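None of these values were measured; they are calculated from a predicted model. In each ligand, atom 1 is the first atom listed, and ligand 1 is the first ligand listed.
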Amino acid sequence: MNKLKKTLMGIRFMGLPNALRTARSSLQRDRLEQRHPQAAPGPLRQPGPLLSAEPLPQGAYFTFDEGFDLEIQFLAPHIVRLTWTPGALPVPYSLANPDGSLAPAAPPSNPTPPADELNRGPSPAAALLTLAMRTEGGGAQTLASAALRLTLLPNGTLRLATPSGHPLRTEHPPSRRATSWHHSASFPFPSACFGLGERTAPLNLLPGAYRLWNTDPGGSYGPGADPLYLNIPLYYTRTPAGGCLVFYENSHEATFTFTRSETSATFRDGALRYYLITGDPAEALAAYTALTGRPPLPPRWALGFHQSRWGYKTEDEIRAIAAGFRERGLPLHAIHLDIDYMDGYRVFSVDPARFPGLPHLSADLAAQGIHLVTILDPGVKIDPAYDVYTSGLGENAFCTLPSGEPARALVWPGWCVFPDFTRPATRFWWGEFYPRLLDAGVAGIWHDMNEPAAFQAWGDLTLPRPTRHDFDGRGGAHGEAHNLYGLLMARAGFEALRRHRPDRRPWLLTRSGWAGLQRYAWSWTGDSESTWPALKMTIATALNLGFSGIPYTGPDIGGFSGSPDAELFTRWFQMAAFMPFFRNHAARGTPAREPWSFGEPTLSICRDFLKLRERLLPYFYTLAWQATQTGAPLVRPLFWGEPGNAELWEVDDAFLLGDALLVAPVLQPQATSRSIHLPAGAWYNFWDDSVMEAAPVVESRLTLERIPVLVRAGTVLPTREGRAETLHVYAPLRGSAESFWFADEGEGYGETRQDRFRVTREGSTLRVEWETEGEYPLPEEVVVRLHGFEARAAWADGEPVGLSGSSIQTKPFRELRFEEEG
Ligand code: MIG
């Protein structure tokens with residue numbers, strides 16, 4: 001979109017009076033920034049020669065000439081923390097445990113321990129660690145664990161290798177100018193790279209240059225826009241022989257540049273603290289989320305369909321939308337209220353004329369199984385008659401300028417002040433307003449504009465850089481707090497939901513965030529444009545977010561800012577049905593986007609995919625539980641299980657949903673066929689049970705009604721068909737495979753059940769073993785449906801059971817045996 005169009009769109013969205021005020025706001029900001037300039041660049045400094053090396057219990061401490069120090073600490077055999085100073089150490093907001101110890105896997109009986117109750121003791125992995133430190137010829141120092149080898153040369157060069165000496169990464173000595181750090185490394189060729197949070201780049205981030213500064217792209221973005229709302233200084237590089245995840249615990253503005261074999265990162269300030277984690281993607285993510293926390297189990301309804309739109313204005317309109325879904329037989333789990341429900345955009349208020357009975361509305365919707373979600377922006381309107389503003393002033397809750405005055409900026413309500421979420425008392429104060437919405441029956445909260453975003457006529461659309469923040473008492477400036485703002489707003493919201501509604505699971509949606517966000521909130525991909533390239537881009541965005549520890553995300557179906565035609569909307573809807581967050585949303589002023597707005601056949605296709613999502617909820621829910629244990633994202637790149645396969649590194653027109661499903665959305669208008677890369681193994685066509693095997697690429701014919709979906713042979717796919725819990729058994733072609741099923745009430749902190757299936761095919765016999773663990777009751781009966789196996793007889797724990805076609809109905813069993821049609 002060109003600048004003029006963007007400006008006009010901005011004026012349309014924010015209104016002319018606000019647009020004129022933005023010029024004043026930007027002028028004031030520029031004057032302030034001139035009075036408080038950033039540190040001048042200064043000369044380049046590098047660590048001089050190594051002066052001393054001192055062993056530590058799990059690492060070593062090195063001093064260099066020129067005032068550079070390096071501390072190396074092993075947290076586990078494959079997790080090392082490195083800290084180059086000078087520079088202020090981070091306040092550990094991203095870490096699950098403030099002391100940096102590793103979080104244990106959440107105990108299954110309480111899948112959602114509040115973050116502050118996690119075990120803080122030293123991690124058992126660290127206690128087991130034996131480290132060998134030795135000095136080699138030439139003064140090189142080597143630290144080796146069972147999982148990796150780090151060698152420090154006397155000039156500050158660091159080599160990371162596998163225990164057998166396979167190089168993973170060579171870091172050059174870091175350098176400094178004034179307060180900023182420059183850190184570069186080379187890695188073997190070929191390599192691919194993933195992560196960095198929310199990106200619009202292709203899946204493989206090599207080559208490319210990326211800025212890490214949470215940014216509202218201004219109402220619309222497409223492929224190539226950089227940066228977006230949610231940046232995370234984490235990347236995973238992969239070579240055929242091994243992988244390495246690097247997480248920089250430094251929230252200052254950063255830039256990352258990658259060539260095919262080199263990377264460099266620049267941070268504006270702070271200590272250069274980072275973690276090196278080795279292993280395959282699943283291991284690396286498990287380790288990273290042991291450090292930064294795992295996503296708690298969401299309430300099950302959040303995995304269903306959400307309907308939203310900026311522009312729903314009244315209670316009556318919301319009731320009409322709910323009725324529209326009901327009358328057309330369209331399953332619906334949530335409706336979102338965008339900023340128009342508020343009174344003059346004052347957060348925590350409700351417009352008394354347009355929403356006179358929010359408690360009744362939410363109760364009526366709840367009776368239909370629909371949960372109400374309301375938006376909250378961080379900006380608090382400056383209005384002496386508004387109690388959130390006056391109480392915040394009294395509590396010193398807002399970010400200040402160096403003069404001590406609250407920092408001001410323009411957002412929807414006009415001039416606003418901004419809670420300082422780096423201040424513990426402010427996080428608590430803010431959370432004490434949530435009951436205003438919770439008591440009205442609101443089930444979930446949606447945080448928007450928390451980059452934080454502000455209207456500006458030019459420059460960064462955010463607060464002035466000299467804005468001060470508390471940093472839990474340590475003090476700091478906006479340059480360090482900016483990228484943490486959305487994360488800490490989410491923390492305040494999460495803690496409020498735990499405090500005020502302890503028997504229910506928090507559900508928060510956020511636009512912005514940083515490392516560790518997964519402990520508190522889901523995200524969505526913001527204001528993407530309504531185009532075919534944006535539809536395709538969304539896959540890579542979701543995959544790289546998942547690689548950055550954020551498993552729950554999804555796009556606005558149809559794109560936010562434009563007007564998709566029926567075909568684009570249909571294809572977007574079909575893809576989103578397999579994304580963790582499944583929501584229809586659009587900008588104010590765009591044409592209607594409810595599933596019925598396009599007439600037929602769109603309505604029927606949407607209904608089919610809404611019903612399919614319902615059927616798949618037990619599987620989605622199982623994946624959600626697995627994420628609480630391992631941090632693995634729900635949506636994964638095709639190379640997840642075979643990361644050394646370079647052929648799959650660049651595939652971003654399809655994705656895996658858990659281990660079992662491969663989804664290949666249609667990304668071109670009027671396409672009649674598309675090709676699909678097949679990961680190793682055999683796959684069933686979900687729609688007709690035909691088998692595909694051992695071809696690197698297959699061609700699939702397309703219709704408008706469906707998108708290709710494949711099921712891995714050997715899977716037991718738990719679904720719910722109407723009232724019956726159904727286990728779809730996709731027979732392995734040979735050998736055996738394992739699957740899981742997790743079940744509980746879908747809300748609260750009651751009993752849970754973890755089931756494990758093993759399916760084995762031997763000659764003409766197919767065996768399904770079922771091991772169950774936990775207190776949540778098993779269903780009285782299940783339906784078992786076979787795919788890829790023509791059975792003539794079946795036995796449950798030795799007793800014959802009747803087959804009806806490819807299905808049987810049975811009590812839960814320990815072993816099910818089928819004999820093939822001979
Ligand atoms: O400046 O609340 O990304 O989902 O509809 C726009 C209005 C503010 C941006 C969000 C979008 C939401 C919109 N918001």
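Within the 4.5 Å cutoff, the side chain of Trp532 has heavy atoms near those of the Arg571 side chain. Side-chain contact between Asn544 and Leu203: present, with at least one pair of heavy atoms (C-beta onward) separated by less than 4.5 Å. Residues Leu372 and Leu358 form a side-chain contact, since some pair of their non-hydrogen atoms from C-beta on lies under 4.5 Å apart.
For Arg501 (side chain) and Arg498 (main-chain N/O), no donor-acceptor pair under 3.5 Å exists by modelled atom type.
Trp429 and Ser391 form a side-chain donor-acceptor contact under 3.5 Å, judged by distance and modelled atom types alone.
Of the N or O atoms in Arg511, one or more lie within a sub-3.5 Å distance of an N or O in ligand 1. Looking at Arg583 next to ligand 1, no N or O pair under 3.5 Å apart turns up. Any N or O atom pair closer than 3.5 Å counts here, and Asp338 shares at least one such pair with ligand 1. Note: an N/O pair closer than 3.5 Å links Asp448 and ligand 1 by distance alone. Looking at ligand 1, you won't find any N or O of Trp310 less than 3.5 Å from one of its N or O atoms.
In this structure, Trp301 has its ring center no closer than 6.0 Å to that of His333.
Counting heavy atoms under 4.0 Å from ligand 1, residue Trp524 touches it through the side chain alone. Here Tyr345 has no heavy atoms under 4.0 Å from ligand 1, in either its backbone or its side chain. Only side-chain heavy atoms of Ile375 come within less than 4.0 Å of ligand 1; its backbone N, CA, C and O stay farther off.
Atoms of ligand 1 found under 4.0 Å from any heavy atom of Met449 (numbered from 1 in listed order, with element): 1 (O), 8 (C). Atoms of ligand 1 lying under 4.0 Å from any heavy atom of His585, numbered from 1 in the order shown and given with element: 4 (O), 5 (O), 11 (C), 12 (C). In summary, the atoms of ligand 1 found under 4.0 Å from a heavy atom of Asp527, numbered by their order in the structure, are 3 (O), 4 (O), 9 (C), 10 (C), 11 (C). When each atom of ligand 1 is checked for a heavy atom of Trp446 under 4.0 Å away, the hits are 4 (O).
Ligand 1 has no atom lying under 4.0 Å from any heavy atom of Phe455.
When only non-hydrogen protein atoms are considered, atom 6 (C) of ligand 1 lies nearest to Trp412 CZ2, 3.4 Å.
Val380 approaches Tyr386 most closely through the heavy-atom pair CG1-CE2, 3.8 Å. The shortest heavy-atom contact between Pro555 and Met575 is CG-CE, 4.2 Å.
Tested against Asn231 for a side chain to side chain donor-acceptor pair (under 3.5 Å), the candidates Thr215, Asn483, Asn214 yield a single pass: Asn214.
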